[in-house]
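In what follows, chains are A, B, ... by sequence order, proteins preceding strands, each numbered from 1.
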Number of protein chains: 2
Amino acid sequence: MESKTDNLIGKTITLDDVAKEAGVSRKTVSRVINANGYVSEATRQRVEAVVRKLGYRPNLVARTLASARSTVIGLMIPGITNRYFSQVIAGVESIAQENQYSVLLLNTYGDFARERDAIRLLEEHRVDGLVYNTPTLPVAELRQLLPRQKAVVIIGHDPIEGMAGTVNVDVYSAMIQAVEHLVDVGRRRIAYVKPGIDERYPHRKRLEGLREAFRRLKLDVPPLMVEAVGGSIEDTSNQVEAWLSTKPDVDAIICYNDEAAVATIDACDRLGIKIPDDIAIVGFDDISLSRIQRISLTTFRIPRYEVGVAAARILFEQIHSTGDTSEVILQSAFVKRNSTPA
Amino acid sequence: MESKTDNLIGKTITLDDVAKEAGVSRKTVSRVINANGYVSEATRQRVEAVVRKLGYRPNLVARTLASARSTVIGLMIPGITNRYFSQVIAGVESIAQENQYSVLLLNTYGDFARERDAIRLLEEHRVDGLVYNTPTLPVAELRQLLPRQKAVVIIGHDPIEGMAGTVNVDVYSAMIQAVEHLVDVGRRRIAYVKPGIDERYPHRKRLEGLREAFRRLKLDVPPLMVEAVGGSIEDTSNQVEAWLSTKPDVDAIICYNDEAAVATIDACDRLGIKIPDDIAIVGFDDISLSRIQRISLTTFRIPRYEVGVAAARILFEQIHSTGDTSEVILQSAFVKRNSTPA
DNA sequence: GTGAAAGCGCTAACAA
DNA sequence: TTGTTAGCGCTTTCAC
């Protein structure tokens, strides 16, 4: 059997090739591929057979150029390696797949310049939308950059009026609850192991909660706080150890996240400090590790995966209907374990 | 001051707009943007000024269509959430950024169908290359699918002759070393906590190493092995606990990875089994957690990040010079801690 | 139901 | 050093 396209070996198969081989117009093939518009059943069958025979694959790049829709969204993350963010990524990715979208992943390292570059790059790739995790750039700059994107959802940042959807976790309330719990079990000299210079939303909200709780409960201003989160568990542990050996009057420590809490536990271990008798410890996240007996960390379960899911959902709402930029706030759940007294 | 393009508000700025405004040809602008070809200094200055003034951003989609190069690579990962893979991602991403490339991330969940879809999608996106982590698809199918890609590097799989570069970690030797270490410290009844049904390379190689070590050291065939890796730490811990309570004669357990090892430690704790006195435990990975006192896990440091870096490097070699498909094998490093006797 | 023509924004090859 | 002419492979509009 002869075909009009036998000389196509090695060449990329295009819509034209399929059309020629099937003896129909390009548009008809396009209709079959995209399952839109009316095509007679017979024609459809014939076209589909040819598509299979030739091993045709649509060129999404050409489609994007012609249609101005890319079926790609961008995802900016400050640290891929971080357990927290990898769950967010998973959530976003899953909803993207559900919507037949692909995810372009950009690691920003929580760095101004990289964030700028990433936004630009995403714009140049003409992505249909962008999930932007924990912006470091000042609001003024965001106001300039974001309007150029077709759709934006920000995670971990104050809403920027009418410019982007936002998804946040209510760590403010969680922090208040943490302090209340510690006071309930008789602790008063509460410290906070926090990230280094960090004005970003997730930290700021914790801090506001901490201050509010101290005010309400009429506690002293928290003792010097340890700036120790961000590096490896080992680094954090060393810094906390050094700090602890100069601060013997602390009886409770709240940590920015579970990783820091584990590091803090390790520091206490090395100093012979008993948990929770001498010092009680509270974390944030509820990583799976916090559950094992040797750690048994009191913490707040933060719905990381759900954060990603929510962000992606809002984004697709925007993409599909230029829907309003909404704000979602997810709650965390207190999990009492053995690193704090009963 | 008047410009020829004052009526461009709202419209996407194209190369043409810049060219018109600057009073040069499109190609000249293209030369300035891409910094290739000769352009007089004066012209360059003028064009750059216009680019800035108009806020022009090249359309990468159009460029890709015209040039058949996408500056995007695909990255297929069986599980984003997994600590191991997130490091690999970071490695790939970092080299990609270095090469001015973006990464399209696809989560395959270690699932046939998803892997197939992902490869197709990547092909349709006309990515310049593809890093494929731990293929689950049978070799026969890979032979069909992979040649359609411009460049391929596979992580965690036997080399497929002339079809893709490969990056692997020599866990075979590591496993032998693990057994030797355990025998050295007097253990003979060694068990292996392994993934469920899993014929994939990383597990198979460990298993081959295990068998070889048992042969060399004339040990009995390892006791029933626990299929317990893959779910959460909690799941694994429960399964190991259940199994352990029926197998009191084990004096050492090698675990597929550190996460499983931590779960195993937890199971022992709950059963009142002393580590390392009653049972010695060895893991694979050296996650940062393994270092803390409460865990102090004997393990093998696996260069995860470096795996990603190596994969990306090979890929770019292929992309830039249709270089040979090479094979890289990285070594792991034994790390002795307190979960095994001195 | 189907087709023809135009064009998305860029690069490539060749001129000038 | 710069410009011209064709496409890249698809969708879109409008005609038949």
Side-chain angles (χ1 to χ4, degrees), chain A residues 5 8 10-48 50-51 54-72 123-128 148 150, chain B residues 5 8 10-48 50-51 54-72 123-128 148 150:
Chain A
T5 43
L8 289 181
K11 187 185 159 300
T12 332
I13 310 296
T14 75
L15 211 58
D16 267 324
D17 302 324
V18 176
K20 244 170 249 154
E21 178 75 16
V24 297
S25 83
R26 219 195 307 182
K27 181 57 197 166
T28 303
V29 179
S30 170
R31 284 190 180 109
V32 173
I33 302 291
N34 297 300
N36 69 23
Y38 301 98
V39 182
S40 73
E41 192 49 32
T43 312
R44 167 183 315 287
Q45 301 270 339
R46 189 149 34 94
V47 170
E48 279 172 352
V50 174
V51 164
L54 262 39
Y56 169 72
R57 293 263 191 288
N59 182 331
L60 262 34
V61 178
R63 176 181 296 173
T64 299
L65 184 59
S67 69
R69 292 182 315 105
S70 69
T71 64
V72 174
E123 192 189 330
E124 295 180 356
H125 273 296
R126 300 296 191 268
V127 295
D128 288 345
R148 309 189 60 138
K150 301 185 200 160
Chain B
T5 43
L8 290 180
K11 186 183 159 299
T12 332
I13 309 296
T14 74
L15 211 59
D16 266 324
D17 301 323
V18 176
K20 244 169 250 155
E21 178 76 15
V24 296
S25 83
R26 219 194 310 180
K27 182 57 196 166
T28 302
V29 179
S30 170
R31 283 191 181 108
V32 172
I33 301 291
N34 297 299
N36 69 23
Y38 301 97
V39 182
S40 73
E41 192 48 31
T43 312
R44 165 183 318 286
Q45 302 270 339
R46 189 150 34 95
V47 170
E48 279 171 353
V50 174
V51 164
L54 262 39
Y56 169 73
R57 292 263 191 288
N59 182 331
L60 262 33
V61 178
R63 176 183 294 173
T64 298
L65 184 59
S67 69
R69 293 182 316 103
S70 69
T71 63
V72 174
E123 192 189 330
E124 296 180 355
H125 273 295
R126 300 295 191 268
V127 295
D128 288 345
R148 308 189 60 139
K150 300 184 199 159

Whole-Å gap separating P (C/dG9) and OH (B/Tyr56)
10 Å
Quick one: does B/Arg31's side chain get under 4.5 Å of B/Val47's, heavy atoms only?
no
Within the structure, does a side-chain N or O atom of B/Ser40 lie under 4.0 Å from either OP1 or OP2 of D/dT2?
yes
Distance in Å, B/Thr28 OG1 paired with B/Arg46 CZ, rounded so as to fall on 0.5 Å steps
9.5 Å
Find the distance between NZ (B/Lys20) and CG (B/Leu15) and round it off to the nearest 0.5 Å.
11.0 Å
Take the protein atom CZ of B/Arg44 and the nucleotide atom P of D/dT1, then report the distance between them rounded to whole Å.
10 Å
Without decimals, in angstroms, what is the distance between A/Glu124 CD and C/dC10 P?
10 Å
Contact letters for nucleotides 11-16 of chain D, in which S counts primed atoms plus P, OP1 and OP2 and B counts the base, heavy atoms under 4.0 Å:
BB----
Side chain to side chain contact (heavy atoms under 4.5 Å, CB included) with A/Ile13: of A/Leu54, A/Val50, A/Asn59, A/Val51, only one passes, and it is A/Leu54
For the helix from C/dG1-D/dC16 to C/dA16-D/dT1, what angle lies between the axis at the first five pairs and the axis at the last five pairs, to 10 degrees?
30°
Can you check the A/Lys20 NZ to C/dT2 P distance for me, whole Å?
20 Å
Residues A/Asp128 and A/Arg69 bridged, charged N to O under 4.0 Å:
no
State whether B/Ser25 places a side-chain N or O below 4.0 Å from either non-bridging phosphate oxygen (OP1 or OP2) of D/dG3.
yes
Would you say a side-chain N or O of B/Thr28 is under 4.0 Å from OP1 or OP2 of D/dG3?
yes
Examine distances only and state if a side-chain atom of A/Arg57 and a backbone atom of B/Glu124 form a donor-acceptor pair shorter than 3.5 Å.
no
Look only at the side chain of A/Ser67 and the backbone of A/Arg63, and say whether a donor-acceptor pair between them is shorter than 3.5 Å.
yes
Rounded to whole Å, how long is the line connecting atom CG of B/Leu60 with atom C1' of C/dC8?
15 Å
Verdict with supporting geometry, B/Thr14 and B/Arg26, side-chain contact (heavy atoms from CB on, under 4.5 Å)
CA-CA 10 Å; B/Thr14 74; B/Arg26 219 194 310 180; over 6 Å; no
What nucleic acid atoms does A/Val61 come within less than 4.0 Å of, heavy atoms only: base, sugar-phosphate, or nothing?
nothing
Specify the separation, in whole Å, of atom CG of B/Asp16 and atom P of C/dC8.
9 Å
When rounded to whole Å, the CZ to P distance for the pair A/Arg46 and C/dG1 reads 15 Å
Given D/dT2, is OP1 or OP2 found less than 4.0 Å from the side-chain N or O atoms of B/Thr43?
yes
On DNA chain D, more 5' by nearest nucleotide between B/Glu41 and A/Leu65 is B/Glu41
Between C1' of C/dC10 and CZ of A/Arg126, the distance in whole Å
11 Å
Minimum side-chain heavy-atom gap A/Thr43-A/Val32 below 4.5 Å
no
